[in-house]
Enquirer: 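I have a structure I would like to understand better, so I am pasting it below and will then ask my questions one at a time.
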Amino acid sequence: MIRLGLCCIFHSQPISFRRATAKYLLAKARKERLRSLAEICRHNALALEQALHYCQAHGIGAFRINSQILPLKTHPQAGYDMKDLPGGEAIVAIFRRCGAFGRRHGIRMTFHPDQFIVLNSPDPQVVERSVADLRYHAEVAQWVHADVINLHAGGVYGDKQSALARLRANIDRLPASVRRRLTLENDDRSYTPSDLLPVCRATGIPLVYDVHHHRCLPDGLSVQHITATALATWQREPLFHVSSPLNGWTGGDCRPHHDYIDPGDFPREWRKLSLTVEVEAKAKELAVQRLAAALFNDR
DNA sequence: AGCGGTCAAGTTGAT
DNA sequence: ATCAACTTGACCGCT
């Protein structure tokens with residue numbers, strides 16, 4: 001019933017994704033730069049395939065793909081199209097193979113773009129760059145059949161209602177490839193589930209309910225209530241997040257994530273539901289496996 | 001081989 | 001004013 005998801009990277013398994021910096025790449029001539037990027041992109045496509053095989057073999061039902069899977073894809077100077085990369089078509093073919101594998105084995109794929117992607121910024125250029133990056137996410141999502149591109153609401157800028165209105169307006173302007181995958185997640189600093197649910201209802205965008213963020217930044221409503229309300233925003237299998245606090249719940253900053261999930265932090269209300277829960281824990285695949293054991297074997 | 005400095009981007013809040 | 005934190009270390013270049 002519950003599908004646990006692994007986020008982006010591995011703790012112990014020797015599967016890793018490569019990255020690149022603009023500074024390093026821009027010191028090279030264009031041809032050499034594209035050759036270098038192609039090598040990294042190809043490596044990452046193959047690493048994704050390995051990751052999916054690992055998930056399939058270990059009963060992990062979802063995998064979050066790092067936004068840097070195609071590094072610097074929309075960078076103003078170093079950005080590129082796949083057709084510019086030597087062997088670009090073959091790289092795309094690997095991603096499509098990942099998509100077929102995920103579909104065949106029921107492994108859900110998601111994205112959670114970086115903090116720089118802000119749809120409600122008062123600066124139109126920030127929004128424009130964000131949309132460009134979301135288009136890139138949607139392009140990869142289409143290859144791999146990822147159905148979620150999950151974002152936080154963004155900044156408050158001193159006026160939450162105006163910020164939410166801008167968010168809503170900009171969601172309405174998104175291209176369909178982004179919009180049909182877009183989800184909103186409550187954060188641990190500014191936007192609670194109660195803040196976001198009206199936007200979700202108005203736009204038809206599902207809410208990714210992060211119960212850890214909700215506990216760090218409460219809105220007076222219960223886990224049970226928000227669970228039910230968030231479920232209603234989904235026309236497909238819902239996606240929620242869970243973590244445990246590194247410093248515990250009493251005293252100190254509750255936001256940093258622990259290596260593992262305390263099974264007591266996993267909401268009782270979720271246990272009988274059909275949903276995906278992404279496990280945000282530093283021990284990565286080890287944390288997913290330990291939580292799975294606690295939830296499914298331990299009775 | 002190991003380690004230190006650095007890395008595109010936005011926003012917030014602690015210092 | 002500066003800076004770490006965020007979903008997350010990985011990379012190059014020096015010794």
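Order of the sequence lines fixes the chain letters, A, B, ..., with proteins taken first and strands second; residue numbering starts at 1 for each chain.
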Enquirer: Can you see whether D114(A) engages Q68(A) through a side-chain donor-acceptor pair at a distance of less than 3.5 angstrom?
Expert: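 On atom types as modelled, these side chains qualify, holding a pair under 3.5 Å.
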
Enquirer: Assign a letter to each nucleotide of nucleotides 8-15 of chain B from its 5' end: B, base within under 4.0 Å of a protein heavy atom; S, sugar-phosphate only; -, no contact.
Expert: BBBSSS--

Enquirer: Determine the interatomic distance between P on dA8(B) and the same-named atom on dC12(C); round to the nearest Å.
Expert: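 After rounding to an integer number of Å, I get 13 Å for this pair.
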
Enquirer: Take atom CD1 of I149(A) and atom P of dT7(C), then tell me their distance rounded to the nearest Å.
Expert: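 Rounded to the whole Å, the gap is 18 Å.
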
Enquirer: If I take atom CD1 in residue I15(A) and atom P in nucleotide dT8(C), what distance separates them, rounded to the nearest angstrom?
Expert: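 These atoms are roughly 18 Å apart.
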
Enquirer: How many Å lie between CG on L26(A) and C1' on dT6(B), as a whole number?
Expert: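 Atom CG in L26(A) sits about 15 Å away from atom C1' in dT6(B).
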
Enquirer: Whole angstrom is fine here: how far is it from CG in D188(A) over to C1' in dT7(C)?
Expert: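 Taking CG of D188(A) and C1' of dT7(C), I get 11 Å after rounding.
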
Enquirer: Take H137(A) and H112(A) through the ring pair (Phe, Tyr, Trp, His ring centres under 6.0 Å) test and state the conclusion after the steps.
Expert: CA-CA 9 Å; H137(A) 281 83; H112(A) 194 358; 9.8 Å; no

Enquirer: Pairing donors with acceptors under 3.5 angstrom, does anything connect the side chains of S130(A) and D133(A)?
Expert: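 Judged by distance alone, the side chains do not pair up.
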
Enquirer: Between dG2(B) and dT8(C), how far is it from one P atom to the other, in whole Å?
Expert: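 26 Å, rounded to whole Å.
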
Enquirer: Using salt bridge (charged side-chain N to carboxylate O under 4.0 Å, His left out) as the criterion, list what pairs up with E32(A), not counting sequence neighbours.
Expert: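 Partners of E32(A) under the salt bridge (charged side-chain N to carboxylate O under 4.0 Å, His left out) test: K28(A), R35(A).
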
Enquirer: Between the side chains of H58(A) and E285(A), does any donor sit under 3.5 Å from an acceptor?
Expert: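 Checked: H58(A)/E285(A) side chains show no N/O donor-acceptor pair below 3.5 Å.
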
Enquirer: Distance check, C1' atoms only: dT12(B) and dG9(C), in whole angstrom units.
Expert: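 Between the two C1' atoms, the distance is 22 Å.
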
Enquirer: Work out how far the P atom of dT6(B) is from that of dC3(C), and round it to whole angstrom.
Expert: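 About 12 Å, rounded to a whole number of Å.
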
Enquirer: Does a salt bridge link D187(A) with R189(A), judged by any charged N lying under 4.0 Å from a carboxylate O?
Expert: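 No salt bridge links D187(A) with R189(A).
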
Enquirer: Give the rounded distance in Å between these two atoms: CZ of F111(A) and P of dT8(C).
Expert: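 These atoms are roughly 17 Å apart.
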
Enquirer: Can you tell me how far P in dG5(B) sits from the matching atom in dT7(C), rounded to whole Å?
Expert: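 About 27 Å, rounded to a whole number of Å.
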
Enquirer: Please determine if a side-chain N or O atom of H213(A) lies less than 4.0 Å away from the OP1 or OP2 oxygen of dT7(C).
Expert: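 For H213(A), the contact criterion (side-chain N or O under 4.0 Å from OP1 or OP2 of dT7(C)) is met.
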
Enquirer: Rounded to the Å, how far apart are L151(A) CG and dC6(C) C1'?
Expert: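 Result: 14 Å.
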
Enquirer: Using a 3.5 Å limit on both pairing distances, list the dot-bracket string of DNA chain C from the 5' end; Watson-Crick and G-U wobble pairs count, crossing pairs take [ ], interstrand pairs take |.
Expert: ||||||..|||||||

Enquirer: Taking only side-chain nitrogens and oxygens of H152(A), does any of them come within less than 4.0 Å of OP1 or OP2 of dT7(C)?
Expert: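 True: H152(A) side-chain N/O within range (under 4.0 Å) of dT7(C) OP1/OP2.
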
Enquirer: Using whole Å, what does the distance between atom C1' of nucleotide dT8(C) and atom NE2 of H258(A) come to?
Expert: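 In whole Å, dT8(C) C1' and H258(A) NE2 are 18 Å from each other.
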
Enquirer: Pick out which of F266(A), W249(A), F240(A) makes a ring-ring contact (aromatic ring centres under 6.0 Å, His included) with H212(A).
Expert: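 Considering F266(A), W249(A), F240(A), a ring-ring contact (aromatic ring centres under 6.0 Å, His included) with H212(A) is found only for W249(A).
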
Enquirer: Hey, does the side-chain of R64(A) have a donor or acceptor N/O within less than 3.5 Å of a partner on the base of dT8(C)?
Expert: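 No.
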
Enquirer: Check R64(A), K284(A), R108(A) against E278(A) for a salt bridge (Lys or Arg N to Asp or Glu O under 4.0 Å) and give me the one that passes.
Expert: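 That would be R64(A); it is the only one of R64(A), K284(A), R108(A) passing the salt bridge (Lys or Arg N to Asp or Glu O under 4.0 Å) with E278(A).
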
Enquirer: Between atom CG in N186(A) and atom C1' in dC6(C), what is the gap in whole Å?
Expert: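 Rounded to the whole Å, the gap is 15 Å.
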
Enquirer: Less than 6.0 angstrom from the centroid, inside 45 degrees of the normal: does R166(A) satisfy that with respect to the ring of Y157(A)?
Expert: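 Yes, R166(A) lies over the aromatic ring of Y157(A).
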
Enquirer: Between D172(A) and R179(A), is the closest basic N to carboxylate O distance under 4.0 Å?
Expert: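 A salt bridge links R179(A) with D172(A).
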
